[in-house]
Each structure stands twice: as structure tokens, then as C-alpha cells.
Chemist: 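The structure is given below, and queries will be raised subsequently.
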Amino acid sequence: MELGDLYEEYAIMIYHFIYLKCRDKDLAEDIVQTTFLKAITKIDSFHGESKISTWLCQIAKNEYLNYCRKHNRQQSYDEYVENNAELFLQKTEPFHDTALEKIILNERADVIKKILHTLEEPYKEVFMMRVYGEYSFGEIAELFQKNDTWARVTYYRAKIKIIEKFQEKEEFL
């Protein structure tokens, strides 16, 4: 497979993977470019032990972490959660029109945002990849160099933690 073919097939996936982490379109595009440049120079290190998509995502993740270290940027999902907590609610509840229901949804979004901030790794990353990145359990497993069962169990545990913490806080709303 030629580099152009690889780029055509995987660039969008890598873009979404990095955009999920940084929530910056320009940065995500830059990381995609540097990922493929690094892939060209490191193609000899790919031995086929994983899928090419996993290898490219690992390069992209390392490029993003390097960028964060170089620019003293805190690498976290906090910005994403803060700006998009309503997305989580829209996936779990239908949209409501009344002003009171919108206020309640906003309050719940704040609670969920705070809960997501408290999740420890790898629960936070697996949950975000599954819900927001729409990654399959197989793709998540490959990125963590684990199996599908691990990805499913980790996601399930993250979801349970969120629900339990939400129910505890909802009592006080």
C-alpha cells in the first residue's frame, strides 16, 4: 500500500482521534500531517504486530503529547467536557423545549461535567473515545494494547461510575 493510499484511508480517522483530545481543528490537522511525516520516516519500525490504523493512532497520540509538553499545554479532556457536556445529555435524554427543562438540562450538564473531571484513567479516556469519538471496542482495545473484553469492561465500569456519582449528586439538585 502506498503512502497516498494510507493517507486517503486513515487521515480522517486520525483527525477525529486527535480532535477528540485537543478540540482544536488547526492543531488536529497539523498533527495529522506530522503523523504521516513521522510514519514515512518510521515505516521500517512497523512490523505488522498491530493494525496500521493502531500504529498511526499511536504515532498521532505521541505527536500530540509532544506538542503539549513543548507548548506547556495541559493535555486533558477538561476543555472538551466543559464546552460539550450537553452532548452527553442529548445522547441520553430527548431534547425538551420548555425553559424549565432547559435549565434542568444545563444543571445536569454541569454535574456531568464535574463527574467526568473526577474519573480516573483509563476510564475517562475509554468513555470519551466510545461516546464522543464513536470508536468501536476493538479500536479502543488496540489503542490500549488490550483485548476487546478489557475495553468493554472498562467502558461499562466508567458508565457505572458516572451513573452512581450522578445519582448521588442528583439527590441534592
Chemist: What are the two closest heavy atoms between Leu143 and Cys57, and how far apart are they?
Modeler: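 In this case the closest contact between Leu143 and Cys57 is CD2-CB, 3.2 Å.
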
Chemist: Check Ile52 against Tyr10 and note the closest heavy-atom contact, atom names and distance.
Modeler: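 Here Ile52 and Tyr10 meet closest at CG2-OH, 3.1 Å.
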
Chemist: Using the side chain to side chain donor-acceptor pair (under 3.5 Å) rule, take Tyr135 and Glu142 through it: C-alpha gap first, then chi angles, then the decisive distance, then the call.
Modeler: CA-CA 11 Å; Tyr135 283 84; Glu142 280 189 53; over 6 Å; no

Chemist: Would you say that Leu56 contacts Phe36 through its side chain, given a criterion of any heavy-atom pair below 4.5 Å between the two side chains?
Modeler: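 Sidechains of Phe36 and Leu56: in contact.
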
Chemist: With rounding to the nearest 0.5 angstrom, report the OH to CD distance, Tyr67 to Glu63.
Modeler: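 If we round to the nearest 0.5 Å, Tyr67:OH and Glu63:CD are 12.5 Å apart.
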
Chemist: Would you give the length of the straight line joining atom CD1 of Ile115 to atom CD of Glu164, rounded to the nearest 0.5 angstrom?
Modeler: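 Those atoms lie 10.5 Å apart.
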
Chemist: Can you tell whether the side chains of Lys61 and Glu125 come within less than 4.0 Å, N to carboxylate O?
Modeler: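 Yes, this pair counts.
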
Chemist: So does Ser136 get a backbone contact from the side chain of Glu139, meaning a donor-acceptor N/O pair under 3.5 Å?
Modeler: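 Yes; judged by distance alone, with no hydrogens or angles, the pair exists.
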
Chemist: Distance check, rounded to the nearest 0.5 Å: Thr149 atom OG1 versus Tyr156 atom OH?
Modeler: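 Nearest 0.5 Å value for the OG1-OH distance: 15.0 Å.
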
Chemist: Report yes if the side chains of Tyr155 and Met129 come closer than 4.5 Å at any heavy-atom pair, otherwise no.
Modeler: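 In short, these two side chains do not touch, never coming nearer than 4.5 Å.
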
Chemist: How far does CD1 of Ile14 sit from CD1 of Ile59, to the nearest 0.5 angstrom?
Modeler: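 Ile14 atom CD1 to Ile59 atom CD1 measures 8.0 Å (nearest 0.5 Å).
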
Chemist: Counting C-beta onward and ignoring hydrogens, is there a side-chain heavy-atom pair between Leu27 and Tyr19 closer than 4.5 Å?
Modeler: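 Side chain of Leu27 against side chain of Tyr19, heavy atoms only: no contact under 4.5 Å found.
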
Chemist: Give a yes or no on whether the backbone of Ala151 and the side-chain of Thr154 come within a donor-acceptor separation of less than 3.5 Å.
Modeler: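 Looks like no, no N/O pair under 3.5 Å.
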
Chemist: Say you draw a straight line from CG of Asp30 to OH of Tyr15; how long is it, rounded to the nearest 0.5 Å?
Modeler: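 Atom-to-atom, Asp30:CG and Tyr15:OH are 10.5 Å apart.
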
Chemist: Which residues pass the ring-ring contact (aromatic ring centres under 6.0 Å, His included) test with Tyr123, not counting sequence neighbours?
Modeler: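 ring-ring contact (aromatic ring centres under 6.0 Å, His included) check on Tyr123 returns nothing, list empty.
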
Chemist: Would you check if Val32 and Ile18 make a side-chain contact, meaning some heavy-atom pair closer than 4.5 Å?
Modeler: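 When only atoms from C-beta onward are counted, Ile18 and Val32 do not touch, as no gap falls below 4.5 Å.
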
Chemist: Report yes if the side chains of Arg130 and Phe127 come closer than 4.5 Å at any heavy-atom pair, otherwise no.
Modeler: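 No, side chains not in contact.
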
Chemist: State, to 0.1 Å, how close Tyr7 and Gln33 come at their nearest heavy-atom pair, and which atoms those are.
Modeler: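 Taking Tyr7 first and Gln33 second, the nearest heavy atoms are OH-NE2, 3.0 Å.
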
Chemist: Is it the case that more than 12 heavy atoms not belonging to Glu29 sit under 6.0 Å from its CD atom?
Modeler: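 Enclosed.
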
Chemist: Under the ring-ring contact (aromatic ring centres under 6.0 Å, His included) rule, collect the residues that match up with Phe144, sequence neighbours excluded.
Modeler: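 If we apply the ring-ring contact (aromatic ring centres under 6.0 Å, His included) test to Phe144, skipping adjacent residues, the hits are Trp150.
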
Chemist: For Ile160, I'd like to know if atom CD1 has over 12 heavy atoms of other residues, nucleotides or ligands within 6.0 Å.
Modeler: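 Buried by this count: over 12 neighbours within 6.0 Å.
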
Chemist: Atom CD in Gln58, atom OG1 in Thr35: separation rounded to 0.5 Å?
Modeler: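 It is 11.0 Å, given to the nearest 0.5 Å.
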
